[in-house]
Amino acid sequence: MSLTITLTGTGGAQQVPVFGCDCIACRRARQQERYRRRPCSGAIEFNNAITLLDAGLHDLTDRWAAGSFRQFLLTHYHMDHVQGLFPLRWGVGAAIPVYGPPDEQGCDDLFKHPGILDFSHTVEPFVAFDLQGLQVTPLPLNHSKLTFGYLLETAHSRVAWLSDTAGLPDKTLKFLLNNQPQATIIDCSHAPRDEPPRNHCDLNSVIALNAVIRSPRVILTHISHQFDVWMMDNPLPEGIEAGYDGMEVRVA
């Protein structure tokens with residue numbers, strides 16, 4: 001049985017194309033749907049169960065019928081990762097579990113008025129839990145709000161989801177070194193920089209991290225339009241590829 005992760009969004013809050021921008025990457029994205037980048041998110045499928053990884057797509061209620069997925073797994077409560085929950089919460093029917101970090105503030109009034117969303121499933125760093133046979137381990141990340149990445153494991157596969165982050169905390173890096181993922185899906189908002197960015201990775205940061213982790217396949221997400229422009233003229237290193245909206249990552 002394979003673990004499948006579909007990248008439903010590979011951009012940041014700004015998305016691609018960027019409002020008002022006329023750069024070559026934004027022009028391309030307006031002309032060709034396949035180059036658009038929506039807010040960073042994914043859909044995990046394993047053991048006939050679907051988990052939505054982050055909820056930044058504004059049209060979640062159009063994309064997913066009631067009962068078509070089991071739960072949400074949130075990295076953090078920035079708006080571009082939860083905005084799809086705001087209309088969805090006022091739906092009717094069974095409660096939908098929401099797993100995520102113990103952020104007391106959350107986002108706006110989601111906790112005060114949760115509707116059909118059940119936010120009681122807070123998770124702890126490095127404490128694994130089970131989602132329909134999928135083992136999930138929360139991994140602390142470096143971001144401006146409390147944020148977790150996740151190691152997703154089955155009997156035969158191991159995938160790391162690491163967004164949003166600028167580098168990795170030492171404990172997370174050591175954990176991934178000791179539990180090497182077959183594929184790593186990681187924040188890479190920026191082209192190579194002389195100095196590491198504060199809130200998101202650049203390509204140099206990703207290369208340095210994977211020199212330690214040694215994941216055989218690295219997929220970049222949370223990509224900016226400036227990085228898209230850079231990639232139009234520069235190849236990525238071997239073993240590193242740019243994700244795109246709709247991309248399916250299968251690990252058997």
Side-chain angles (χ1 to χ4, degrees), residues 1-10 40-47 49-56 69-77 81 97-103 121-143 145-188 200-201 205-222 239-241 243 247-252:
M1 183 182 299
S2 64
L3 169 65
T4 302
I5 302 175
T6 301
L7 307 187
T8 51
T10 56
C40 184
S41 54
I44 306 163
E45 187 170 0
F46 180 72
N47 204 18
I50 294 174
T51 299
L52 298 189
L53 184 46
D54 278 337
F69 61 93
R70 294 289 190 93
Q71 59 261 320
F72 288 100
L73 179 61
L74 301 182
T75 59
H76 64 301
Y77 283 92
H81 291 260
V98 181
Y99 294 80
D103 184 335
H121 304 273
T122 55
V123 300
E124 300 178 39
F126 305 109
V127 178
F129 59 97
D130 181 271
L131 295 177
Q132 294 83 43
L134 177 69
Q135 180 173 291
V136 181
T137 305
L139 306 174
L141 301 181
N142 293 326
H143 198 44
K145 195 169 179 64
L146 178 62
T147 304
F148 288 162
Y150 295 100
L151 186 67
L152 311 169
E153 293 182 89
T154 72
H156 305 290
S157 56
R158 189 179 288 143
V159 177
W161 180 280
L162 306 172
S163 182
D164 299 20
T165 193
L168 291 174
D170 289 343
K171 288 184 178 180
T172 296
L173 187 60
K174 184 176 180 180
F175 182 88
L176 291 170
L177 171 62
N178 293 330
N179 297 271
Q180 184 186 67
Q182 293 153 283
T184 297
I185 302 165
I186 188 169
D187 181 317
C188 189
H200 297 278
C201 288
S205 301
V206 171
I207 292 170
L209 290 171
N210 201 54
V212 177
I213 301 169
R214 297 188 180 277
S215 178
R217 186 180 185 190
V218 176
I219 300 162
L220 309 180
T221 189
H222 209 286
I240 298 179
E241 60 193 293
M247 180 181 188
E248 287 191 357
V249 180
R250 295 181 184 270
V251 183

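- The list of salt bridge (Lys or Arg N to Asp or Glu O under 4.0 Å) pairs with a residue in residues 208-217, not counting sequence neighbours, reads Arg217-Glu241.
- For the side-chain hydrogen bond (donor to acceptor under 3.5 Å, both in side chains) test, residues two or more places apart in sequence or in another chain that qualify with Ser215 are Thr184.
- Side-chain N or O atoms of Gln182 include one that pairs as donor or acceptor with a backbone N or O of Arg158 at under 3.5 Å.
- Among residues two or more places apart in sequence or in another chain, the side chain to side chain contact (heavy atoms under 4.5 Å, CB included) test is passed with Ser2 by Thr4, Arg250, Ala252.
- With sequence neighbours excluded, no residue forms a side chain to side chain contact (heavy atoms under 4.5 Å, CB included) with Pro216.
- Annotation: side chain of Thr10 is not in contact with side chain of Met247 (no heavy-atom distance under 4.5 Å).
- Side chain of Thr6 to backbone of Thr8: no donor-acceptor contact under 3.5 angstrom is found.
- In this structure His81 satisfies the side-chain hydrogen bond (donor to acceptor under 3.5 Å, both in side chains) test together with Asp54, Asp164, sequence neighbours excluded.
- At least one side-chain heavy atom of Leu151 sits under 4.5 Å from a side-chain heavy atom of Pro181.
- Looking only at distances, no side-chain donor or acceptor of Ser41 sits under 3.5 Å from a matching main-chain atom of Ala55.
- When atom types are taken as modelled, the side chain of Thr154 and the backbone of Ser157 share a donor-acceptor pair closer than 3.5 angstrom.
- Judged by distance alone, the side chain of Tyr150 and the main-chain N or O of Leu74 form a donor-acceptor pair under 3.5 Å.
- Phe72 pairs by the ring-ring contact (aromatic ring centres under 6.0 Å, His included) definition with Phe69, not counting sequence neighbours.
- Remark: the backbone N or O of Pro140 is paired with a side-chain donor or acceptor of Thr172 at under 3.5 angstrom.
- In this structure, Tyr77 and Leu146 have side chains that are not in contact, with every pair of non-hydrogen atoms separated by 4.5 Å or more.
- At least one donor-acceptor pair closer than 3.5 Å links the side chain of Asn179 to the backbone N or O of Phe175.
- Under the side-chain hydrogen bond (donor to acceptor under 3.5 Å, both in side chains) criterion, Gln71 pairs with Thr51, Gln132, sequence neighbours left out.
- When the salt bridge (Lys or Arg N to Asp or Glu O under 4.0 Å) test is applied to Lys145, the partners found at least two apart in sequence or on another chain are Asp103.
- Scanning for side chain to side chain contact (heavy atoms under 4.5 Å, CB included) contacts around Ala208 gives an empty result, with sequence neighbours left out.
- To the nearest 0.5 Å, atom CZ of residue Phe126 and atom NZ of residue Lys174 are 10.5 Å apart.
- Partners of His200 under the side-chain hydrogen bond (donor to acceptor under 3.5 Å, both in side chains) rule, at least two apart in sequence or in another chain, are Asp187.
- Proximity of Val136 to Leu152: side-chain heavy atoms (C-beta onward) are separated by under 4.5 Å at one or more points.
- For residues 123-139, no pair satisfies salt bridge (Lys or Arg N to Asp or Glu O under 4.0 Å), with sequence neighbours left out.
- In this structure, the side chain to side chain contact (heavy atoms under 4.5 Å, CB included) partners of Gln135, at least two apart in sequence or on a different chain, are Ala128, Thr137, Glu153.
- Closest non-hydrogen pair, Val251 versus Ala183, comes out as CG2-CB, 4.4 Å.
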